[in-house]
Amino acid sequence: MVHLTKKASMAASVGLIATTVLTSAVQAAETIKVGILHSLSGTMAISETTLKDVMLMLIEEQNKKGGVLGKQLEPVVVDPASDWPLFAEKARELLAVHKVSAVFGNWTSVSRKSVLPVFEELNGMLFYPVQYEGEESQRNVFYTGAAPNQQAIPAVDYLIENEEVERWVLAGTDYVYPRTTNKILEAYLKSKGVADEDMMINYTPFGHSDWQTIVADIKTFGSSGKKTAVVSTINGDANVPFYKELGNQGISAQDIPVVAFSVGEEELAGLDASPLVGHLAAWNYFQSVETEANEEFIEAWQEFTGDDNRVTNDPMEAHYIGFNMWVKAVEKAGTTDVDSVIDSIVGVSVPNLSGGYSAMMPNHHITKPVLIGEIQEDGQFDIVDETDGLVAGDAWSDYLPESAKLIADWRAPMACGNFNVETKSCGGVVSN
Amino acid sequence: MKRFIRHVALLLAFALCAVPAAQADEELTHLISALANGKLKEMPAKISALEKAGNSKIVPLFEALSAGTLFYRKADKAVFITRSSADGITLMAPLTLQEQGVTTKKSLKKIKVNNKLRRQLKTAIANLTLLSPDVSLRLSAAKELFKSSDPAVLPLLEEALHQESDASVRQAMQESYAAMTLRTQHASQQHRLDAIETLKAMGNQQALSVLTGFVASASEPEERDAATSVIASINKRLARWSVAQNVWYGLSLGSVLLLAAIGLAITFGVMGVINMAHGEMVMIGAYTTFMVQEVIRNSFPGLFDYSLAFALPLAFLASGAVGFAMERGIIRFLYGRPLETLLATWGVSLMLQQAVRTVFGPTNKEVGNPDWMSGAFELGAMTLTANRIWILAFAFVVFAVLLVVLRRTQFGLEVRAVTQNRRMAASMGIRTPWIDALTFALGSGIAGMAGVALSQISNVSPNLGQLYIIDSFMVVVFGGVGNLWGTFVGAMTLGVANKFLEPYAGAVLAKILTLVFIILFIQKKPRGLFALKGRAVDL
Amino acid sequence: MISKSLFTKLGPQSIWIVALLFLIAAVVPLLNLALPESHPLHVPSYLVGLFGKYLCYAMLALALDLVWGYCGILSLGHGAFFALGGYAMGMYLMRQIGTRGVYAHPTLPDFMVFLNWEELPWFWLGFDQFWFAALMVVAVPGLLAFVFGWFAFRSRVTGVYLSIITQAMTYALLLAFFRNDMGFGGNNGLTDFKDMLGVSLQSDGTRAALFSATAVALGLSFLLCSLIVNSKFGKLLVAIRDAESRARFLGYRVEHFKLFAFVVSAMIAGVAGALYVPQVGIINPGEFAPANSIEVVIWTAVGGRGTLFGPIFGALLVNGGKSYFTAAYPEYWLFALGGLFVLVTLFLPKGIVGVLSQLRSAAQKQLGQRASAETGAKPEAAE
């Protein structure tokens, strides 16, 4: 009896999945499928759900324009539930079962790392829309968010020039993005003549909610007489209590400004921004950018979500750019075949929302302007500085000794993500 | 053309007031209208010019500029101070503050400022209000000038000191004077030594910062030695205070843990239900606060400071109701199988999280701090933030009330009777199912009230509950299941221990060490800090 | 002779299940590799990988069931043993990358290179050898379980207290492994594996082999657990579960029995973790999350604890459901999952397999009654 049940259940679950395979195979003939791989539950749902919605909106708009290559686009949404191995499973499902032409997704570095081998093996395309630590360039991945040189370094430059900062607190959540960014910044600041005792580096766990001690330490560190600033790579969730504690302990932006790389309009929508006025953020896009394209985008977004107060943010713009690049590359290649699109997308340039054009670089990063914004009372940013022209994303930082030797160029004949200029060889190619 | 008319009108108005003032005002008006043009980089010069030309009349404009309420009209580039009101944006003339009608946000553009300008504006305002007749304005001006290093202000400060009659303002001015003396190095040696003495009396972080800066640049060895020894004594004093500060941080973390755990001390501790949905009860409380504030913001903005008072009972009822429903619908079938309540309540917790995500969306919700919960005050060299004080007080009150309810009321008696010996209690005529449901609702309701308090320091998101659930279990188990005092002492001990470890070990390691400590402690006392004695232990 | 006594000891059911698992181990790779994709019986690689993962989960659930279902120790920290086994395997796979990392460093893994580590920490030594890593896969979880259990069982920490401190254990490990200073890759964990025992991890053949290995390992663990629970020792475990004090008063050193079961269970969990990592391609601290360990408890409960087949069935069912719902109804799958847990606890307290075997014995009883009524004999007294 027992073993019968077992067989039956096996058959049932195989059947279950087989049905999914069949139904999807039938539809595949008429449409081009686009996978959306963002967590809709679990800890990352807070940031990623918005990106799923923005993708659905972009696809809908594209379909209204007649789709791509005369075919309609069909979004395939899955929920990897903020569970990293599940990301790999879902990526495999999107590529192997649903046969999607491109995937837009992921937020955290670890989720990207977890799906990388899958995209490599099954030869898919992943558009990754979030600012990240760099140190990666992969053939199947397109990094539409900022690399450290497109966010962190211009922000520090701004503080040195405009706020005359001499003392630095590098505060971050203990994971790879802050660790790498802080390593890069440390090297950069030293190259600018900042002494070791003028730098304080602090790491906190994810979701850290009790900031009393650390904020008090920052206050003490900042009272040495030299102008002090905090460079925050604190992860999304922990920011609200951090800023609340800053406000409560009476640290204003005029005394110790905080420049953050992970705080955008979405995060600020969750708190009362009045004590934060003047604190800074560095991004490649702000909702307050005054261009026609941006106004249209915001209007479309608010209409799509049916909420007049819904904000837009930088990763949304990254998806906007990435999606348009993919559409353009597919049209250029005349097919959705992954190899052809990967070849044709390098050099494709599409309008971004801040009034210029962003281009896909040979290292699969894109060019973007860097904007510095000050937080306003209404949770929006006032743009106080902007780089002259566009900054190209640098996959391998020049400020880390091992990484400075590497360059990435996916065009033939080099076609390598980590070419070592010293040994003149492509480092990571599987030799067997 | 419009602009011309406006100018004429303004001129006429001033002409009517006073003829000599008119000329100065004209210059001001001209400078003000220049704010609407040009780049951010040109602003500092414009502001200095305004400061030189102006008098206290210009202060409202500076304040508006700093607060981001200074706009210009796109059509004619006329500058206004604005105030948002129910029917749009009210425009006010920048000098006279007369209302100039209402307009829409679209027709205006904000005059941008950055931190550098805000600092400049603050100093400018301080300079302009140092001689103001209003004591509080003078006090804040004197305090603000502590940060200034502009030697040009020294004569003004001297004059102000000379005239000052209020003792506290005088002291603040003396301190600022001392700081400025040391920063600018313009005074005589005796002046500087006096200044060092003044700062020694101040003895706080701010004084320390001035002195450290001074030592770095001082040339006279005598002064340097004096300053160095004062620095040492201030540091010593601060080190003593830092112990007190750590205790305070520990207690305030403990109070958060206590709030999070106290509802669980009832549902888990007293009733033996491993309530994995406890965190979601806290979350429901926090979302109730959000909804109350939304209603107040939209309909009764004047009541915002009382929003938490409205939210507390509502959160108690909302979470209590969900708890009641859970008990009646699920948990009552599982008594005597405590480990299975874990599974069912875990399922409930998943569903509640997703329900909140579906209804309110996955993003953080804004819950504001009422005015009385913002800010901080200094006690010696300690900073006590208002919200932490209130939360500590609130946690104590909730604990005390709960203790009274359980010890002194009929309901409490029945709860204790049922948990100690269900069958006996039933044969004494107590409706045990009813008491079970009410006890569970009470525990959940208290979790909801905790949610109101936690919404003030934490994110309000569907993940809120998950943040606190493990800590809550640790606290209850560490304190001893079934003992409210255990929960209290447990929460405070863990809070203080964590905060004393943090400066040495860092936040992450401190937490790990606390967990290891709990594991080892349970080996020593397998039933927690305050173990129940008697037959109840075998439950 | 030996096999015969084994057979009688285990009973036909267990033999059937083990045989079935071995059969799957042999047939599925054949159906995957030998048949062309168009063939109706072809098993796509995607399913092979997916079910390989499920079988690892099933093994973990089986390990938990040995201590929970048979010994009454509800561990809310079994994910920790699973993850430790996984890390041991992950470290081996990391060392196998060799110079093929992005920085082409001969010994240091990539994450150490860009965080400026100078040399390999001591605890990474030896992991370039498969035998050493394989030993660590069972030794590290086993040792942790031994130390933890030694203290906990000797101090007679039981019931809810034990559950909560196992949770504290996995939570502390979670936080520790999150720290980048620990040298385990922090939040990102270990990833970007290239090959194992000289064969590429990305080929279908390796995936099928790993699937087979998992199925065989699950079969062997099942056999081991069957042997344990069907022996006198197993009877004692059940006695401890049902009345610990009584077992102690009868003169048994309860803590030794518990400790043995706990350590064996942790080792099985470690092996499951080690098989899991090459199949999913990543191991990171998320596996230590208390929520993951609770999920394992739920698989076991859904399938039916106290039966050895129950947890396997539960793990397959819940994870299959999760895979299906997260794709088909991404917004609502938590309702389905949560609802399932509530319904199972309320209506199927013994789990699905438990209820089925209850039904079966009820049916047999009825049959027996009918048969005995026909023959006129009295029915045997039911338990």
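To find a chain, count down the sequence lines: A is the first, B the second, and so on, and within it residues start at 1.
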Portion of B:Leu520 that has a non-hydrogen atom of chain C nearer than 4.5 angstrom:
neither

Once rounded to the nearest 0.5 Å, what's the spacing between atom CD1 of C:Ile294 and atom CD1 of B:Ile469?
8.0 Å

Greatest number of heavy atom pairs closer than 4.5 Å to chain B - which of C:Val297, C:Leu334, C:Ile298, C:Ile165
C:Leu334

Using 30° and 60° as the class boundaries, would you call the ring planes of C:Tyr329 and C:Tyr324 parallel, tilted or perpendicular?
perpendicular

Which residues in residues 59-75 of chain C have a heavy atom less than 4.5 Å from any heavy atom of chain B?
C:Trp68, C:Leu74

Contacting moiety of B:Ile330, where chain C heavy atoms sit under 4.5 Å
both

Check for me whether the distance between the ring centres of C:Phe178 and C:Phe288 falls short of 6.0 Å.
no

With a 4.5 angstrom heavy-atom cut-off, which part of B:Phe268 approaches chain C: side chain, backbone, both or neither?
side chain

Ring centroids only, cut at 6.0 angstrom: are C:Phe260 and C:Phe153 within range, meaning strictly under it?
no

Cationic N near anionic O, under 4.0 Å, B:Lys499 to B:Glu502
yes

Among C:Phe341, C:Trp333, C:Tyr161, C:Tyr171, which residue forms the greatest number of heavy-atom pairs with chain B at distances under 4.5 Å?
C:Tyr161

Please look at B:Leu334 and chain C and tell me whether the side chain, the backbone, both or neither of the residue comes under 4.5 angstrom of a heavy atom of that chain.
side chain

Would the B:Phe488 and B:Phe530 ring centres measure less than 6.0 Å apart?
no

B:Thr345 versus chain C, the contacting section by heavy-atom distance below 4.5 Å:
neither

